[in-house]
Amino acid sequence: MIEHRTLRVALLGAGSVGSQVARLLLEQADELASRAGAGLELIGIAVRDVDAKRDVDLPHELYTTDADQLILQADVVIELMGGIEPARSLIMLALETGADVVTANKALVAAHGPELFSLAERVGAQLHYEAAVAGAIPIIRPLRDSLAGDRVDRILGIVNGTTNFILDRMDTRGDTLEEALRIATDLGYAEADPTADIEGHDAQQKAAILASIAFHTEVPVDRVHREGITKVTSAQIEQAARAGYVVKLLAICERTHGADGEEGVSARVYPALVARSHPLASVHGGNNAVFVQAAAAGSLMFYGAGAGGVETASAVLGDVVSVARRRVQGGPGLGESMHAGLPVLDIDDITTRYHISLAVADRPGVLAAVASLFSELDVSVETLEQSIPQRDPAEEPDPDGFGAHATLVIGTHAASEGSLAAVVQALAESEFVHRVTGVLRVEGAI
Ligand SMILES: NC(=O)C1=CN([C@@H]2O[C@H](COP(=O)(O)OP(=O)(O)OC[C@H]3O[C@@H](n4cnc5c(N)ncnc54)[C@H](O)[C@@H]3O)[C@@H](O)[C@H]2O)C=CC1
Ligand SMILES: N[C@@H](CC=O)C(=O)O
Ligand code: NA
């Protein structure tokens with residue numbers, strides 16, 4: 001039997017991910033020691049309440065409410081509490097006292113990454129966060145290491161398991177958003193406050209992290225345009241299916257040019273139409289996928305479990321083994337490279353294709369009126385679908401007196417955000433248009 005030195009591992013948080021990390025550290029101790037070249041001794045788990053009921057049965061003596069004391073005794077600290085504070089202060093304490101840190105906390109890395117990376121670099125410690133983006137899927141390390149010799153041009157990611165699960169259930173089973181969210185929460189996918197998932201904050205944080213690494217440029221989280229899925233309707237999902245699309249919440253990170261022609265970085269999150277033939281369209285349930293386009297490598301897709309306690313624990317333990325190996329071998333941690341410093345573009349600098357759904361009057365002249373409005377505002381129409389609901393006026397009263405409705409879905413060629421906003425406003429004011437019922441961008445040209 002090989003004799004290993006032992007590294008002391010402190011765990012902060014014992015929720016969906018933390019409890020699985022603890023279980024695997026204990027159950028696979030010998031195997032992990034062989035891979036890491038050091039024993040990984042779990043010395044304690046910081047929690048709020050040592051007597052709380054938990055799904056995973058772990059030795060009671062491991063629990064403590066004194067996170068600071070635990071950190072002071074550790075070589076490696078795993079932060080799985082989530083949120084900004086006290087996670088930020090505890091990670092800083094760990095780095096300052098010579099421990100290496102592994103975290104899954106995208107909210108923290110997106111908001112305070114530069115501060116934490118520079119501290120880690122200054123003290124020669126390691127800070128790893130593979131689980132922070134797309135759960136179990138290896139994506140941080142491939143972007144930072146494997147693609148370090150290439151130029152990444154574009155990333156299209158389904159990076160939030162909860163919203164992918166919800167949109168998929170709405171598409172395939174006709175669930176409501178609320179029903180599907182309840183199931184996603186039971187499966188351990190959702191954040192402690194699921195607003196972070198459905199309003200797109202979680203994907204926004206992940207987009208900021210991905211864009212920063214891929215483009216060697218600091219992309220602050222508040223420069224990532226964000227829209228969630230709460231306004232996506234079943235009607236839009238049905239219409240998308242008829243037109244050959246699925247609706248996916250996408251994180252889009254692009255190296256592109258702004259209105260003034262200057263090269264920059266765009267990072268944005270919104271629900272978008274993706275052609276059913278695109279590889280991202282076949283990502284179902286709580287799975288994630290990150291589609292990367294690089295100058296030399298071409299298109300790459302990273303696919304798998306983006307959420308879930310045990311799945312995410314895999315990525316955390318991968319980081320722990322990696323941290324342990326370097327600790328055993330010596331040498332400083334690798335800092336993040338942010339040398340490019342490209343400007344971060346506003347959403348107004350971006351052009352995309354749109355699908356605009358309208359409830360319009362079912363009477364002569366409507367199509368011509370709507371079409372001329374697009375042409376007056378210089379937005380070119382690519383597709384048009386009209387359907388006339390079989391409506392019985394006796395059963396469906398018409399309180400606003402608008403008369404019979406038809407549904408029009410207009411697809412545009414690429415147009416700027418500004419042109420789109422002008423079109424939507426003009427449509428809303430048109431006497432022929434009852435309501436603009438939805439606007440979705442089209443993404444995913446390969
Ligand atoms: N659940 C998932 O599928 C994934 C989660 N993550 C991230 O992993 C981290 C942990 O997530 P989950 O395990 O799902 O969260 P969770 O809410 O299930 O667990 C967090 C645990 O930390 C404890 N905690 C919070 N504040 C504390 C404090 N001040 N002192 C002591 N304990 C405290 C909570 O009581 C809870 O047991 C988060 O940063 C999350 O964003 C990342 C990828 C996937
Ligand atoms: N709430 C997140 C968990 C993983 O990051 C998600 O749903 O993807
Ligand atoms: Na990951």
Side-chain angles (χ1 to χ4, degrees), residues 10-22 44-50 52-56 58 63-68 70-71 78-91 102-111 128-144 157-167 180-181 184-206 209-210 213 229 249 251 285-290 302-316 318-319:
L11 177 60
L12 313 180
S16 302
V17 185
S19 57
Q20 293 297 333
V21 167
I45 308 173
V47 292
R48 283 202 185 104
D49 174 3
V50 296
K53 197 174 155 333
R54 294 172 214 282
D55 294 342
V56 179
L58 298 166
Y63 292 117
T64 172
T65 53
D66 193 342
D68 290 45
L70 183 62
I71 288 169
I78 308 173
E79 185 278 306
L80 295 170
M81 297 187 317
I84 304 296
E85 286 295 350
R88 172 179 159 275
S89 302
L90 293 173
I91 288 179
V102 172
T103 180
N105 192 334
K106 55 265 168 156
L108 181 63
V109 174
H128 286 217
Y129 50 97
E130 179 57 74
V133 180
I137 305 172
I139 186 63
I140 301 292
R141 199 166 289 135
L143 281 175
R144 192 176 47 194
I158 295 174
V159 292
N160 182 268
T162 304
T163 47
N164 200 57
F165 183 86
I166 293 170
L167 291 171
L181 175 58
T185 305
D186 289 347
L187 289 168
Y189 298 165
E191 293 302 301
D193 174 2
T195 316
D197 296 296
I198 59 174
E199 293 295 359
H201 297 280
D202 177 82
Q204 180 190 39
Q205 292 154 1
K206 292 166 174 168
I209 297 172
L210 288 175
I213 308 172
I229 64 160
L249 183 73
N287 285 315
N288 282 191
V290 185
F302 301 82
Y303 167 83
V310 70
E311 294 87 345
T312 305
S314 161
V316 172
D319 277 352

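Start at 1 and go down the list; that is how both ligands and their atoms are numbered.
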Measuring only between side-chain heavy atoms, which start at C-beta, is Ile209 closer than 4.5 Å to Tyr129? yes
Side chain of Asn164, backbone of Gly286: donor and acceptor closer than 3.5 Å? no
Side chain to side chain, Leu58 and Tyr63, heavy atoms closer than 4.5 Å: yes
Applying a heavy-atom distance cut-off of 4.0 Å, which protein residues contact ligand 1? Gly13, Ala14, Gly15, Ser16, Val17, Ala46, Val47, Arg48, Leu80, Met81, Gly82, Pro86, Ala104, Asn105, Lys106, Ala131, Gly188, Glu191, Ala307, Gly308, Thr312
Determine, for Arg144 against Glu130, whether the closest basic-nitrogen to carboxylate-oxygen distance falls under 4.0 angstrom. no
Atoms of the protein (N/O/S only) found under 3.0 Å from the Na ion (ligand 3): Glu130 O, Glu130 OE2, Val133 O, Gly135 O, Ile137 O
After noting the C-alpha distance and the side-chain angles of Asp197 and Tyr189, does the key distance pass the side-chain contact (heavy atoms from CB on, under 4.5 Å) rule? CA-CA 9 Å; Asp197 296 296; Tyr189 298 165; over 6 Å; no
Would you check if Asp68 and Leu90 make a side-chain contact, meaning some heavy-atom pair closer than 4.5 Å? yes
Would a 4.5 Å heavy-atom cut-off, applied to side chains only, mark Arg48 and Met81 as touching? no
I'd like the atom pairs linking ligand 2 to the protein - N or O on both sides, separation under 3.5 Å - with distances to 0.1 Å.
from, atom 1, to, atom 2, distance (Å)
ligand 2, 1 (N), Tyr189, O, 2.7
ligand 2, 1 (N), Glu191, OE2, 2.7
ligand 2, 1 (N), Asp197, OD1, 2.7
ligand 2, 5 (O), Lys106, NZ, 2.5
ligand 2, 5 (O), Lys206, NZ, 2.7
ligand 2, 7 (O), Asn160, ND2, 3.4
ligand 2, 7 (O), Gly161, N, 3.3
ligand 2, 7 (O), Thr162, N, 2.8
ligand 2, 7 (O), Thr162, OG1, 2.6
ligand 2, 7 (O), Tyr189, O, 3.1
ligand 2, 7 (O), Asp197, OD1, 3.4
ligand 2, 8 (O), Gly161, N, 2.7
ligand 2, 8 (O), Lys206, NZ, 3.4

Donor-acceptor contacts, no H, no angles, side chain residues 12-20, under 3.5 Å, sequence neighbours left out:
from, atom 1, to, atom 2, distance (Å)
Ser19, OG, Gly15, O, 2.6
Gln20, OE1, Arg23, NE, 3.0
Gln20, OE1, Arg23, NH2, 2.9

Sidechain-backbone polar pair: Asn105 side chain, Gly83 backbone, donor-acceptor under 3.5 Å: yes
Nearest non-hydrogen partners of Asn288 and Ala134, listed with the distance: OD1-CA, 3.3 Å
Hey, does Thr163 have a side-chain heavy atom less than 4.5 Å from the side chain of Asp202? no
side-chain contact (heavy atoms from CB on, under 4.5 Å) between Val159 and Leu210, worked out: CA-CA 10 Å; Val159 292; Leu210 288 175; 4.2 Å; yes
Kindly determine whether Thr195 and Asp193 satisfy side chain to side chain donor-acceptor pair (under 3.5 Å), including the steps that lead there. CA-CA 5 Å; Thr195 316; Asp193 174 2; 2.6 Å; yes
